[in-house]
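In what follows, residues are counted from 1 in the order of the sequence shown. Start at 1 and go down the list; that is how both ligands and their atoms are numbered.
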Amino acid sequence: MKIGFIGLGIMGKPMVKNLLKAGHQVVAYDVLKENIDYVVTAGASASVSSKAVAGECDLIITMLPNGPQVREVVCGKDGVLEGAKSGTILVDMSSIAPGVAQEVSKECAKKGVKMLDAPVSGGEPKAIDGSLSIMVGGEKAVFDQVRDVLLNMGASAVLCGDIGAGNTTKLANQIIVAINIAAVSEAFTFSTKAGVDPNKVLDAIKGGLAGSTVMNAKVPMMIEGNINPGFKIDLHIKDLHNALDTGHDVGIALPFTAQIMEIFQTLRADGMGQSDHSAIAKYYEKLTGTKI
Ligand code: NAD
């Protein structure tokens with residue numbers, strides 16, 4: 001199949017490679033020429049705009065930073081909707097606010113373009129090995145048409161509900177991850193300060209009820225003092241903004257999420273916006289005068 005792909009960053013590049021590996025033709029576009037060059041070397045063909053991508057492809061995937069970029073790429077000048085034919089399918093795999101996915105989908109419908117929101121979990125390593133978890137919102141008939149293509153990039157693709165449901169699910173994921181990192185940071189500064197080796201604490205509790213994927217992945221980084229990303233604090237701040245806004249829109253409070261947001265803001269003010277989100281441990285280390 002000929003697939004248009006727009007947004008060739010940390011995630012987009014390996015996702016394109018996996019589509020090529022599965023035998024698809026990929027027409028690629030990004031505002032950064034070096035990112036286009038990278039995927040062209042891997043076998044994709046280059047395009048000059050989102051509009052031009054849409055002119056050539058019946059299926060278009062976007063993998064962009066946030067809602068404003070998705071709006072611009074889809075609805076803006078030289079955007080997807082200027083070039084797309086009726087019947088085109090747009091799968092936005094960026095992590096954005098569910099409300100923005102719904103608004104963009106309405107604009108798509110005016111041109112006969114069907115949209116799914118399909119954000120991912122798993123980060124760069126799972127984008128590289130093609131084992132992302134993909135959470136989808138939209139019509140089942142459209143999902144059924146693209147499911148196999150999604151599974152060229154992911155280990156699972158679950159239809160969670162109508163348009164926006166994919167991003168609501170992704171925000172739930174991001175809330176859990178953020179609070180879980182804070183919980184292990186608090187527990188490991190506590191146990192270290194009280195005199196127990198963090199390696200022993202990890203070994204002893206990781207198989208029990210407190211164990212988690214976050215604990216397995218992030219506590220070794222905390223012990224090493226490694227804050228190389230991974231998933232950057234700036235991106236997690238973006239997701240928690242979207243979670244808090246969406247929570248307030250539906251009329252509920254998110255007290256822990258709000259607290260972790262302020263911890264992330266503190267770390268960003270301290271110059272760690274580009275560090276891994278596990279740097280929450282640094283906040284606790286400063287607070288307690290204890291190195292995990
Ligand atoms: P990134 O910043 O590395 O890549 C985004 C790409 O979009 C860049 O190459 C940028 O040049 C391009 N872009 C921006 N505006 C554009 C425009 N108007 N037209 C064309 N291209 C444009 O981001 P990423 O890490 O690849 O993340 C993409 C999305 O996936 C984000 O929503 C992020 O939250 C989500 N995500 C990231 C990770 C991760 O670990 N990096 C994990 C899960 C989900």
Side-chain angles (χ1 to χ4, degrees), residues 4-18 27-40 44 46-54 60-83 90-98 100-101 104 117-136 153-156 166-167 169-178 181 213-214 217-218 221 228-243 264 273-278:
F5 204 109
I6 303 165
L8 309 166
I10 292 174
M11 300 296 282
K13 284 195 202 89
M15 291 163 77
V16 165
K17 279 185 162 179
N18 283 323
V27 179
Y29 177 67
D30 192 288
V31 279
L32 295 178
K33 186 177 174 303
E34 64 260 34
N35 288 356
I36 301 180
D37 292 344
Y38 178 93
V39 296
V40 166
S47 191
V48 293
S49 68
S50 301
K51 176 182 174 179
V53 170
I60 299 154
I61 296 173
T62 46
M63 193 53 167
L64 297 157
N66 197 7
Q69 291 80 22
V70 173
R71 265 205 196 98
E72 185 192 330
V73 162
V74 179
C75 311
K77 187 171 166 348
D78 289 329
V80 167
L81 292 181
E82 285 189 4
L90 169 69
V91 182
D92 177 41
M93 302 189 75
S94 328
S95 302
I96 70 174
V100 175
V104 172
D117 65 319
V120 307
S121 169
E124 189 185 20
K126 295 199 171 199
I128 291 171
D129 68 18
S131 65
L132 292 165
S133 299
I134 305 174
M135 27 217 131
V136 188
M153 298 174 282
S156 69
N167 275 294
T169 306
K170 170 69 183 178
L171 291 178
N173 180 84
Q174 294 305 82
I175 289 170
I176 293 166
V177 170
I181 295 174
T213 309
V214 162
K218 302 301 182 183
M221 290 177 72
N228 294 332
F231 191 75
K232 291 174 187 163
I233 284 176
D234 282 341
L235 274 183
H236 215 143
I237 285 177
K238 179 260 300 183
D239 289 334
L240 295 193
H241 260 303
N242 287 337
F264 276 144
Q274 294 293 301
S275 300
D276 190 69
H277 50 177
S278 62

K.L.:
Would you check, one step at a time, whether the test side-chain hydrogen bond (donor to acceptor under 3.5 Å, both in side chains) holds for Lys17 with Tyr38?
P.N.:
CA-CA 10 Å; Lys17 279 185 162 179; Tyr38 178 93; 3.0 Å; yes
K.L.:
Please examine the side chains of Ile233 and Ile237, heavy atoms only from C-beta on, and report whether any two atoms are closer than 4.5 Å.
P.N.:
yes
K.L.:
Among Asp239, Asn173, Leu171, Asn242, exactly one meets side chain to side chain contact (heavy atoms under 4.5 Å, CB included) together with Ser95. Which residue is that?
P.N.:
Asp239
K.L.:
Please round to the nearest 0.5 Å and tell me the distance separating atom CD1 of Ile181 and atom NZ of Lys218.
P.N.:
5.5 Å
K.L.:
Parallel, tilted or perpendicular: which fits the ring planes of Phe231 and His236, with parallel below 30° and perpendicular above 60°?
P.N.:
perpendicular
K.L.:
Is there any protein N/O under 3.5 Å from an N/O of ligand 1, and what does the full list of such pairs look like?
P.N.:
residue	atom	partner	partner atom	Å
ligand 1	3 (O)	Ile10	N	3.0
ligand 1	9 (O)	Gly9	N	3.4
ligand 1	9 (O)	Asp30	OD1	3.4
ligand 1	9 (O)	Asp30	OD2	2.6
ligand 1	9 (O)	Asn35	ND2	2.9
ligand 1	11 (O)	Asp30	OD1	2.7
ligand 1	21 (N)	Val31	N	3.4
ligand 1	26 (O)	Ile10	N	3.3
ligand 1	26 (O)	Met11	N	2.9
ligand 1	32 (O)	Leu64	O	3.1
ligand 1	32 (O)	Pro65	O	2.9
ligand 1	32 (O)	Ser95	N	3.0
ligand 1	32 (O)	Lys238	NZ	3.2
ligand 1	34 (O)	Lys238	NZ	2.7

K.L.:
Could you tell me if the side chain of Lys232 sits less than 4.5 Å from the side chain of Ile10, heavy atoms only?
P.N.:
yes
